[in-house]
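Atom set for the values below is all heavy atoms of this structure, side chains included, hydrogens, waters and symmetry mates excluded.
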Amino acid sequence: MKVDVTTPEGSPVTSQDATQPVGSALRIAPAFIATTADVPLGVSTAVTALYVADAGRYVIKSVTNTAVRDDVELNYPTVAKVGMQAIVQTAAPRCIFLTLDDEADPLARWLSVSELTTSQGRLLPPALAADVVRRGAGEARMQVIELLYGSAALAGQPPAKLIQTELGVPHRTASSWIIAARAAGRLRGMNYNAGRPAGG
């Protein structure tokens, strides 16, 4: 799915827009507009999402659907096929930032999660993932868990599943690492509720 992501003012989202701290190391854009066109459906959709601290994730605040072909009527059956949550899940990684430098350095380079994602769709290079699993409970592991948890939870996706996939660990291990990261204060402002519908 191709999604254009902008600030509410219409500018492309950059690290300068990531003014909301979450966790201990992530910064996010507090709001964004994601726009996409479903060509087969004949509908263009713009979703406005806002970070809500109590929810610990981006929450959809408005949706605008536009028919892009004369033969399309915007009725309930048509609009119901638009995957609003999928649009947010695709857009959010472009609004979540972290730095590999010292955060206090004004010249620190902040990267979006989408910039970190490899061509294989992974956030972590396999060697780094293997190293994090091998090393034991340390700062590097906590940083990785925070990054992976935040990347998933803020977009409304299951964090444990992403941690399992990225690190090649069982669900029980992913869950215990999430608990440890939360106890260490690494996951403040991020939440995932498993009962939330995934389809939007």
Counting heavy atoms not belonging to [X], are there more than 12 under 6.0 Å from its [atom1]?
X: R109; atom1: CZ; answer: no
X: N75; atom1: CG; answer: yes
X: D70; atom1: CG; answer: no

Any donor-acceptor pair under 3.5 Å from [X] side chain to [Y] backbone:
X: R141; Y: V133; answer: yes
X: R94; Y: A91; answer: no
X: Q157; Y: L162; answer: no
X: T78; Y: L74; answer: no

- Message: Checking T173 against Q164 for the side chain to side chain contact (heavy atoms under 4.5 Å, CB included) test, could you report, in this order, the C-alpha distance in whole Å, the side-chain angles of both residues, the deciding distance, and whether it holds?
- Response: CA-CA 8 Å; T173 301; Q164 285 178 260; over 6 Å; no
- W110 ring centre to R27 NZ or CZ under 6.0 Å, with the angle to the axis within 45°?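 No, R27 does not lie over the aromatic ring of W110.
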- Verify side chain to side chain contact (heavy atoms under 4.5 Å, CB included) between Y149 and M190, making sure each step is shown before the conclusion. CA-CA 8 Å; Y149 186 96; M190 299 178 261; 3.8 Å; yes
For [X] against [Y], the heavy-atom pair lying closest together:
X: G189; Y: L154; answer: O-CD2, 4.2 Å
X: A29; Y: V13; answer: CB-CG1, 4.1 Å
X: Q85; Y: A155; answer: NE2-O, 3.1 Å

With rounding to the nearest 0.5 Å, note down the distance linking [atom1] in [X] to [atom2] in [Y].
X: F97; Y: S112; atom1: CZ; atom2: OG; value: 5.0 Å
X: I33; Y: K61; atom1: CD1; atom2: NZ; value: 14.5 Å
X: L167; Y: I145; atom1: CG; atom2: CD1; value: 5.5 Å
X: Y58; Y: I28; atom1: OH; atom2: CD1; value: 4.0 Å
X: M1; Y: I87; atom1: CE; atom2: CD1; value: 5.5 Å

- Query: Which residues pass the salt bridge (Lys or Arg N to Asp or Glu O under 4.0 Å) test with R186, sequence neighbours left out?
  - Reply: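 E139, E146.
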- Do the non-hydrogen side-chain atoms of S44 and V68 ever get within less than 4.5 Å of each other?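 S44 vs V68: side chains touch.
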- State, yes or no, whether a side-chain contact exists between V82 and L41 at a heavy-atom distance under 4.5 Å.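 With C-beta onward as the side chain, the pair touches.
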- Query: Between T45 and N65, does any side-chain donor sit less than 3.5 Å from a side-chain acceptor?
  - Reply: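 There is such a pair (donor and acceptor under 3.5 Å, judged by atom type) between the side chains of T45 and N65.
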